Amino acid sequence: MTTPGWAAHLPRPAGGDAGASPVPPAPPGDTLPAAWAARFEAAPDRPVLWEERRGWIRAGDLDRASRRVAGRLAAAGLGPGDRILMSAATSVELVEAHVGALRLGLVVVPANTAYREREIAHVVGDCNPRAAVVDDAERAGWIRRAGADVLVVGPDVDGARDGGGGGRGGPGPRSAALDAAAPGDPALIGYTSGTTGTPKGAVLSHANLLASSESVRLAWRWTADDRLVLALPLFHIHGLGVGLHGTLLAGASAVLLPRFDPGAVLDATAAHGATLFFGVPTMYARLADSPGLAGLGRLRLCVSGSAPLPPAVFERLAAGSGQRVLERYGMTETGMNVSNPYDGERRPGTVGFPLPGVELRLARARGTGGVPPTTAARAARVGEIELRGPNVFGGYWGRPEETAAAFTADGWFRTGDIGEHDAAGYLRLVGRARELIITGGLNVYPREVEDVLREHPAVADVAVAGVPDAEWGEVVTAWVVPARSTAPPADAELLGFAAERLARFKCPRRVVVVDALPRNALGKVLRHELRPGGSD
Ligand code: MLC
Ligand code: AMP
């Protein structure tokens with residue numbers, strides 16, 4: 001059975017049937033850059049982005065800066081379809097670079113600023129970007145060594161002195177055709193790991209990005225009057241595809257914070273009259289502990305995603321601020337899929353109903369992903385979530401076999417997440433078919449961490465899994481069998497070894513030394529038998 005569920009997202013006048021959408025129609029344009037350009041042109045004087053250093057930037061300013069960026073990129077020899085890697089902390093300049101690149105038809109490849117050399121080299125080697133925009137000289141060196149040109153260490157493409165004519169504010173080269181990409185053209189490659197632990201590039205088209213932004217614009221009643229406090233990084237789909245893209249599509253505005261801090265979020269909310277906040281559950285857990293929690297109640301809407309929001313955190317936020325956080329479900333490969341309703345009950349522990357345009361079904365045949373089917377009735381309800389819709393990506397960059405494996409024969413995307421519907425039809429995520437750890441809203445594949453730790457001479461065998469944690473959701477933990485020939489490795493030594501090779505968030509927080517790993521008859525590690533205190 002498939003669940004369209006869109007009606008759940010329409011407004012519900014008291015006691016009445018679902019009514020028409022109160023959100024004004026989308027701007028003209030069948031790609032995001034075209035729709036954004038229409039917004040910029042229609043209201044050039046509207047404030048669109050704020051950051052501490054530059055204050056408010058108006059839509060007309062962003063329009064001009066992104067045109068100049070596109071001109072500079074074109075002058076540097078880049079053209080539609082070329083990949084451009086972007087790895088920088090949040091700033092207005094990064095947004096200008098991103099918007100300019102998309103307007104030129106380039107394919108943006110965002111990369112986490114925490115990546116170490118081997119992680120960034122993998123991305124560069126895989127999608128072969130023609131250029132990179134980074135904000136760190138060491139990372140720039142790694143990117144060059146991996147074979148890509150670093151256009152700007154900045155990330156101020158507009159202000160960069162590249163000999164392309166015209167500094168910031170100047171006219172810039174004008175030859176590039178803007179906003180000419182077709183809906184089916186690739187727009188973004190988001191790297192996400194598979195069960196093998198090797199990150200793959202999910203290729204999202206302009207149509208995919210637009211569909212994902214449009215569905216949440218409608219469902220969350222996002223209008224030009226809204227102002228988002230954006231403290232999520234702009235190198236993952238949550239901050240970029242939801243926060244930034246949605247703001248520009250709605251013709252709304254965003255207050256950019258370079259990093260998350262509960263006090264800074266609450267101060268920005270009050271100082272700028274913000275109406276929206278989007279965050280991962282770790283952010284909400286920290287907000288719930290904040291002395292200023294009541295200030296969250298000023299916002300029209302708070303949305304949580306990327307990892308499960310514990311119902312206890314939901315209740316503490318509601319009790320302390322009156323804010324009933326709306327939880328939704330998304331993925332790099334699909335953008336946003338399922339959301340609790342804006343009107344009607346926001347049910348903790350669930351992600352709600354498919355967003356407008358998204359179809360969802362539960363595939364029971366592929367099992368429950370290790371979720372114990374406590375009763376026969378439950379076993380019949382639980383299954384892998386499969387999705388179809390204009391938001392769903394076309395495939396992984398250069399990986400036809402993995403692309404084919406990700407889709408069913410009849411064209412549905414297999415998410416690897418296990419879900420069930422509750423009695424009222426709300427979707428609950430109950431497990432994962434993939435061996436995935438989510439810590440602080442970031443994904444870690446055990447295999448990638450195991451492969452690194454196994455390179456250490458004092459490690460004979462290793463298994464990595466997530467251990468539940470109130471703040472982080474899960475913390476990465478390693479169970480290590482020491483090599484016989486050497487002394488057991490000190491925790492600090494192993495963690496340092498990992499930190500040289502992996503982004504900090506992937507490094508184990510804890511190391512448990514064991515004599516042997518629990519394995520089944522086929523030799524596969526039984527991860528659910530790994531215990532934080534060692535073997536029983
Ligand atoms: C930082 N650290 C983490 C971590 N983030 N460790 C584990 N998991 C994480 N997510 C490390 C730091 O490097 C540091 O290590 C130590 O933890 C303490 O740092 P901190 O200052 O407390 O962390 P902070 O910088 O405040 O970051 C926490 C955070 C951040 C929650 C604000 O992780 C964050 O912005 N998360 C959101 C990520 C995101 O955008 N996810 C969306 C993916 S898209 P040390 O050793 O140096 O002390 C997606 C699809 C969808 O999932 O549906 O949205
Ligand atoms: P990513 O591959 O980084 O895009 O992460 C996507 C994954 O995050 C999904 O497949 C889910 O496992 C997880 N996820 C996203 N939103 C939620 C949520 N609200 N609750 C639980 N898991 C979520």
Side-chain angles (χ1 to χ4, degrees), residues 9 11 20-51 54-67 69-70 90 92 94-103 178-179 181 183 187-188 206-230 232 234 237-257 268-269 272-278 299-303 326 335-336 339 342 355-357 390-391:
H9 296 292
S21 172
V23 184
D30 50 13
T31 65
L32 272 182
W36 296 342
R39 288 285 193 202
F40 299 156
E41 201 177 318
D45 293 330
R46 284 191 78 97
V48 59
L49 298 171
W50 181 93
E51 73 170 11
R54 289 183 54 186
W56 278 106
I57 305 296
R58 295 182 184 280
D61 301 329
L62 180 55
D63 183 22
R64 284 185 292 278
S66 60
R67 284 173 183 273
V69 166
T90 296
V92 168
L94 178 65
V95 175
E96 292 169 351
H98 178 74
V99 174
L102 286 183
R103 294 188 76 175
L178 290 186
D179 313 324
L188 197 127
H206 281 277
N208 296 149
L209 296 182
L210 177 60
S212 177
S213 296
E214 177 61 2
S215 70
V216 296
R217 190 183 74 88
L218 294 172
W220 301 342
R221 319 284 190 259
W222 203 340
T223 74
D225 294 332
D226 277 309
R227 179 158 292 168
L228 173 71
V229 176
L230 184 45
L232 286 154
L234 296 182
I237 213 73
H238 195 163
L240 188 67
V242 193
L244 179 67
H245 292 180
T247 294
L248 300 181
L249 182 67
S253 56
V255 173
L256 303 180
L257 299 181
T269 297
H272 296 291
T275 60
L276 301 172
F277 176 73
F278 301 161
L299 294 159
R300 176 176 77 75
L301 176 66
C302 288
V303 181
L326 182 154
M336 297 301 102
S339 167
Y342 182 79
L355 281 160
N391 57 317

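This structure is a prediction, so every number in the text was calculated from the model and none was measured.
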Rounded to the nearest 0.5 Å, what separates atom [atom1] in [X] from atom [atom2] in [Y]?
X: Leu62; Y: Ile57; atom1: CG; atom2: CD1; result: 8.5 Å
X: Arg64; Y: Arg58; atom1: CZ; atom2: CZ; result: 10.5 Å
X: Asp61; Y: Phe40; atom1: CG; atom2: CZ; result: 10.5 Å
X: Leu276; Y: Arg221; atom1: CG; atom2: CZ; result: 13.0 Å
X: Leu355; Y: His9; atom1: CG; atom2: NE2; result: 4.5 Å
X: Ile237; Y: Met336; atom1: CD1; atom2: CE; result: 7.0 Å

Looking at [X] and [Y], would you say the former's side chain and the latter's main chain have a donor-acceptor pair under 3.5 Å?
X: Glu51; Y: Val92; answer: yes
X: Ser212; Y: Leu209; answer: no
X: Arg227; Y: His272; answer: yes
X: Asn208; Y: Pro390; answer: yes

Mind listing the closest non-hydrogen atom pair of [X] and [Y] along with its distance?
X: Gly29; Y: Ala34; value: CA-CB, 4.0 Å
X: Ala187; Y: Leu102; value: O-CD2, 3.3 Å
X: Pro27; Y: Ala38; value: CB-CB, 4.2 Å
X: His238; Y: Leu232; value: CD2-CD1, 3.3 Å
X: Arg217; Y: Ala26; value: NH2-N, 3.0 Å
X: Ser213; Y: Gly241; value: OG-O, 3.5 Å

*Before giving the answer on side chain to side chain donor-acceptor pair (under 3.5 Å), spell out for Trp220 and Ser339 the whole-Å C-alpha distance, their side-chain angles and the decisive distance to 0.1 Å.*
CA-CA 9 Å; Trp220 301 342; Ser339 167; 3.0 Å; yes
*Do Phe277 and Thr269 have side-chain heavy atoms sitting under 4.5 Å apart?*
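When only atoms from C-beta onward are counted, Thr269 and Phe277 do not touch, as no gap falls below 4.5 Å.
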*Would you say Val95 and Leu256 make side-chain contact, with heavy atoms under 4.5 Å?*
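Sidechains of Leu256 and Val95: in contact.
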_Worked check of side-chain contact (heavy atoms from CB on, under 4.5 Å) between Leu240 and Leu188_ = CA-CA 11 Å; Leu240 188 67; Leu188 197 127; 3.7 Å; yes
*Without hydrogens or angle criteria, can the side chains of Ser253 and Trp56 be said to hold a donor-acceptor pair below 3.5 Å?*
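Trp56 and Ser253 do not have a side-chain donor-acceptor pair below 3.5 Å.
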May I have the list of side-chain donor-acceptor pairs in residues 243-250 shorter than 3.5 Å, sequence neighbours left out?
unit_1, atom_1, unit_2, atom_2, d
His245, NE2, His98, NE2, 2.9
Thr247, OG1, Gly243, O, 2.7

*For the pair Asp63 and Arg103, find out whether any cationic side-chain nitrogen is under 4.0 Å from an anionic carboxylate oxygen.*
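Between Arg103 and Asp63 there is a salt bridge, with a charged N closer than 4.0 Å to a carboxylate O.
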*Give the C-alpha distance, both sets of side-chain angles, the deciding distance and a yes or no for side-chain contact (heavy atoms from CB on, under 4.5 Å) between Asp225 and Thr275.*
CA-CA 8 Å; Asp225 294 332; Thr275 60; over 6 Å; no
*Decide yes or no on side-chain contact (heavy atoms from CB on, under 4.5 Å) for Val99 and Val69, but give the supporting numbers first.*
CA-CA 8 Å; Val99 174; Val69 166; over 6 Å; no
